[in-house]
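Report on the following structure.
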Amino acid sequence: MTDEQKQTNFIREIIDEDLKNGKNDGRIHTRFPPEPNGYLHIGHAKSICINFGLAQDYNGKCNLRFDDTNPVKEEDEFVNSIIEDVDWLGFDWKNGPLYASDYFDQMFDYAIKLIKLGKAYVDDQSGNQIRETRGTLSEPGVNSPFRNRTTQENIDLFQQMKNGDFGNGEKVLRAKIDMSSPNINLRDPILYRILHATHHRTGNKWCIYPMYDWAHGIEDSIEGITHSICTLEFEAHRPLYDWFLEQLEVFHPQQIEFARLNINYTVMSKRKLKLLVDENHVSGWDDPRMPTLSGLRRRGYTPESIRNFVDKTGVVKRNGVSDIALLDHSLREDLNKKAIRVMAILNPLKVVITNYPENTTEEVDCVNNPEDESAGKRKVPFSREIYIDKSDFMEDPPKKFFRLGLGREVRLKHAYYVTCENIIKNENDEIIEIHCTYDPKSKGGWSNDGRKVKGTLQWVSVQHALNAEVRLYDSLFLNESPEKVEDGKSFLDNINSDSLVINNNCKVEPSLINAKIGEYYQFMRIGYFCADKDFTSNNPVFNKTVGLRDSWGKKQK
RNA sequence: UGGGGGAUCGUUCAAUGGUAGGACACAUGGUUUUGGUCCAUGGAAUCGGGGUUCGACUCCCUGUCCCCCAGCCA
């Protein structure tokens with residue numbers, strides 16, 4: 001599937017049909033309606049891509065609208081992060097951002113209208129009473145004793161609720177539908193509850209706040225949304241959505257539900273992510289192990305890779321769990337095109353090239369990205385003493401080991417061929433240094449005498465090396481389905497205690513002193529890395545975004 | 001238990017009465033100054049049982065399994 005020819009799906013088919021029938025005058029208008037009570041995660045990214053993507057492809061519009069109907073959970077910190085994330089993902093909204101709270105007056109008027117229609121009433125029952133009289137899955141509910149108040153009484157009481165004459169929980173406004181409906185959502189749902197709380201935008205203007213079911217359709221209607229796309233759990237709410245708009249006789253958008261995104265080896269509920277943050281299992285919402293957009297961004301994921309991944313997961317009504325490997329693949333696919341190749345040594349082993357002149361530095365030419373000629377070249381200093389990675393040397397290696405061993409010759413990328421002549425060990429019999437000789441005729445890392453070198457290693461000059469801290473990440477959870485736990489256990493018991501390994505004795509090439517946040521690097525033969533927000537020139541810090549595919553490492557298992 | 005949805009390779013998405021196909025993952029080989037990239041090849045599926053039809057993933061009947069709903073959350 002290429003960018004040009006997007007895969008169709010059932011939502012696009014509905015839209016195509018609507019367009020064919022001239023519905024809404026051919027207008028396509030969607031919206032992304034997050035509640036600002038937490039940070040966005042990659043599941044939200046799917047909704048964002050669907051809604052904004054539809055608007056783009058059908059020449060329509062997509063609103064960013066904050067569904068801020070619950071002041072006790074919502075904060076400006078979250079609206080700011082959401083705006084940043086949607087922007088980073090690469091989408092923009094023409095008008096807005098919009099807020100449900102901007103429509104509170106209109107919603108109140110509509111509620112009065114519903115009361116006048118005889119379709120809503122003020123209920124004095126307590127929360128417990130309301131729950132107990134709602135019935136169960138198999139038994140109908142019973143009518144509230146307050147269900148048949150007069151219109152005027154309801155209007156007066158509702159007005160008093162608004163005026164602050166009652167305390168939290170003393171009264172609610174309910175729709176008068178059907179307490180015996182097989183669909184529990186239709187058993188006189190609550191429209192307004194009393195909440196004496198300061199709202200992040202309306203302050204103390206209101207002490208009654210609308211419930212989701214009442215508010216959402218009105219928000220969509222006011223904005224002229226044509227297709228109101230949400231996740232599967234709202235399917236049973238659609239009859240309510242439709243009922244309100246029918247009673248109100250206002251513009252009626254179409255609600256369409258799709259299956260939310262799930263990914264294995266992670267959790268995707270705001271509640272659980274918040275718990276990870278609050279209990280300090282991670283460093284914050286933007287911890288690079290989090291599936292939040294801010295976490296993925298800090299980890300080094302590109303917006304393109306996330307968009308491509310989302311496209312690959314499709315839009316369906318069937319619940320499923322996508323493989324994290326598909327995300328990794330989308331990431332590598334994008335990073336392979338973009339990342340500048342640099343040389344870095346995670347576990348340094350000193351190499352002395354005994355026949356190389358002392359006190360000499362050579363600048364060798366290095367290609368920045370073999371996949372992108374326009375990325376150009378850079379110079380990297382080479383000298384008599386270099387570091388290679390410990391894993392690239394074995395004293396007595398097996399035949400299939402294409403790296404350095406005693407008596408073996410390898411290529412130092414972009415530099416020379418070297419042959420290991422000698423090994424220096426400490427008193428514990430550990431290799432602390434190796435001595436090699438180089439072939440001056442192999443400059444550039446190549447010879448035309450038909451010689452075959454089995455391996456190519458990255459290296460960093462000892463004298464010029466930049467010391468760096470590298471943070472290596474692994475999956476935050478040990479299990480494919482962290483939420484599936486036996487009784488008495490929680491998903492927190494599945495946390496991988498080795499998900500973060502900090503290595504602060506890494507040696508990287510000097511050019512990385514200028515590494516910038518937002519730049520993508522490939523540490524050659526290791527993986528993709530990026531500068532962390534903690535990066536300073538005194539203490540360079542890099543995050544491992546994802547490893548390179550490793551068919552050698554795989555064989556070792 | 002009432003209502004609402006859903007079941008296709010290991011995973012994910014196609015096929016809308018006419019050869020079950022792609023991607024990821026996996027395996028094998030080739031290319032390679034990254035054991036990367038790239039290229040090639042391979043194995044791998046229609047939930048079960050009936051029926052309609054020349055022909056069924058698709059239509060009908062029946063069964064099974066999975067998800068969602070009993071917040072003054074969204």
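Just so you know, these numbers use all the heavy atoms, side chains as well, and skip hydrogens, waters and symmetry mates. Protein chains get the first letters and strands the later ones, always in sequence-line order, with residue 1 at the start of each. Since we're looking at a predicted model, the values are computed, not measured.
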Side-chain N,O (A/Arg131) to OP1/OP2 (B/rG71) below 4.0 Å: yes

Touch class at under 4.0 angstrom, heavy-atom based, for A/Lys270 against every strand present: nothing

Sugar-phosphate, base or nothing in reach of A/Val321, heavy atoms under 4.0 Å: sugar-phosphate

Ring-base stacking, A/Trp552 with B/rG35 (5.5 Å, 30° cut-offs): yes

Identified pairing partner of B/rU52, criterion: Watson-Crick or G-U wobble below 3.5 Å: none

Length of the line joining A/Asn262:CG and B/rU12:P, which is rounded to integer Å: 10 Å

B/rG36: syn or anti, per glycosidic angle within 90° of 0: anti

Pairwise 5' ranking along RNA chain B for A/Gly553 and A/Asn168, keeping only the more 5' one: A/Gly553

Residues from residues 409-417 of chain A lying under 4.0 Å of RNA chain B - heavy atoms: A/Arg411, A/Lys413, A/His414

Sugar-phosphate, base or nothing in reach of A/Arg187, heavy atoms under 4.0 Å: nothing

Under 3.5 Å: donor-acceptor pair, side chain of A/Glu509, backbone of A/Met343: yes

Validation row: A/Tyr39, A/Lys270 side chains within 4.5 angstrom (heavy atoms): no

Counterpart base for B/rU64, defined by Watson-Crick or G-U wobble contacts under 3.5 Å: B/rA7

Among B/rG36, B/rG3, B/rG5, the one nearest A/Asn183 by side-chain distance: B/rG3

Base-pairing mate for B/rU37 - Watson-Crick or G-U, with both contacts under 3.5 Å: none

A/Thr456 side chain, from C-beta outward: closest of B/rU1, B/rC72, B/rU33: B/rU33

Under-3.5 Å donor-acceptor pair between A/Arg238 side chain and B/rG4 base: no

Touch class at under 4.0 angstrom, heavy-atom based, for A/Ser181 against every strand present: nothing

A/Lys312 side chain reached by A/His329 side chain, heavy atoms, under 4.5 Å: yes

Sugar-phosphate, base or nothing in reach of A/Glu13, heavy atoms under 4.0 Å: base

Close aromatic pair by centroid cut-off 6.0 Å: A/Phe529 and A/Phe542: no

B/rA74 phosphate, OP1 or OP2, under 4.0 Å from A/Arg193 side-chain N/O: yes

Nucleotide B/rU11, atom P - distance to CG of A/Asn319 in whole Å: 15 Å

Between B/rC65 and B/rG22 - P atom distance, rounded Å: 34 Å

Any A/Lys317 side-chain N or O less than 4.0 Å from OP1/OP2 of B/rG4: no

Touch class at under 4.0 angstrom, heavy-atom based, for A/Asn336 against every strand present: base

Nearest-neighbour nucleotide for the A/Glu35 side chain, B/rC24, B/rA74, B/rG35 considered: B/rA74

Other residues, nucleotides, ligands: >12 heavy atoms within 6.0 Å of A/Lys454 NZ: no

C1' gap between B/rG10 and B/rC59, integer Å: 31 Å

Touch class at under 4.0 angstrom, heavy-atom based, for A/Glu371 against every strand present: base

Below 4.0 Å: OP1/OP2 of B/rU34 and any side-chain N or O of A/Arg549: no

Pairwise C1' distance for B/rU53 and B/rG18, with rounding to whole Å: 12 Å

Of the listed nucleotides B/rA7, B/rG4, B/rC69, the one nearest the side chain of A/Ile184: B/rC69

Among B/rU1, B/rC68, B/rC72, the nucleotide that comes nearest once only the side chain of A/Ser138 is considered: B/rU1

B/rG17 and B/rU12, which share atom name C1', separated by this distance in whole Å: 26 Å

Quiz item: A/Gln7 side-chain donor-acceptor pair to B/rG22 base, under 3.5 Å: no

Sugar-phosphate, base or nothing in reach of A/Gly320, heavy atoms under 4.0 Å: sugar-phosphate

Which atom of A/Ile324 lies closest to which atom of A/Tyr265, heavy atoms considered: CG2-CD1, 4.1 Å

Residue A/Arg201 excluded, over 12 heavy atoms near CZ under 6.0 Å: yes

Separation of the P atoms in B/rA44 and B/rG21, to the nearest angstrom: 12 Å

Euclidean distance for C1', B/rA14 against B/rU34 (whole angstrom): 36 Å

Touch class at under 4.0 angstrom, heavy-atom based, for A/Leu326 against every strand present: sugar-phosphate

Below 4.0 Å: OP1/OP2 of B/rC72 and any side-chain N or O of A/Arg134: yes

5'-most by nearest nucleotide on RNA chain B - A/Thr8 or A/Pro370: A/Thr8

Sugar-phosphate only, base, or nothing, as touched by A/Ile526 at under 4.0 Å among non-hydrogen atoms: nothing

P-based separation of B/rU52 from B/rU16 [nearest Å]: 24 Å

Minimum-distance nucleotide to A/Leu137 side chain [options: B/rU1, B/rG6, B/rA25]: B/rU1

For A/Tyr528 against A/Asn336, the heavy-atom pair lying closest together: OH-CA, 3.3 Å

Sub-4.5 Å side-chain heavy-atom contact between A/Phe523 and A/Val342: yes

Sugar-phosphate, base or nothing in reach of A/Gln125, heavy atoms under 4.0 Å: base

Phosphate-side-chain proximity, A/Arg271 and B/rA74, N/O vs OP1/OP2 below 4.0 Å: no

Among B/rU34, B/rG3, B/rG5, the nucleotide that comes nearest once only the side chain of A/Gln522 is considered: B/rU34

B/rC68 to B/rC61 separation - C1' atoms, rounded to the nearest Å: 27 Å

Sugar-phosphate, base or nothing in reach of A/Tyr192, heavy atoms under 4.0 Å: nothing

Proximal nucleotide (of B/rA74, B/rA14, B/rG5) relative to the A/Leu232 side chain: B/rG5

Side-chain heavy atoms of A/Arg403 within contact of A/Phe393, under 4.5 Å: no

Side chain of A/Phe402 (C-beta onward), nearest among B/rU34, B/rU12, B/rG35: B/rG35

Residue A/Ser551, side-chain heavy atoms: nucleotide from B/rA74, B/rG36, B/rA7 that is nearest: B/rG36

Atom CD of A/Glu373 with >12 non-hydrogen neighbours under 6.0 angstrom: no

Sugar-phosphate only, base, or nothing, as touched by A/Val367 at under 4.0 Å among non-hydrogen atoms: nothing

Sugar-phosphate, base or nothing in reach of A/Thr136, heavy atoms under 4.0 Å: base

A/Asp365 and its salt bridge (charged side-chain N to carboxylate O under 4.0 Å, His left out) partner, picked from A/Arg378, A/Lys377, A/Lys379: A/Lys379

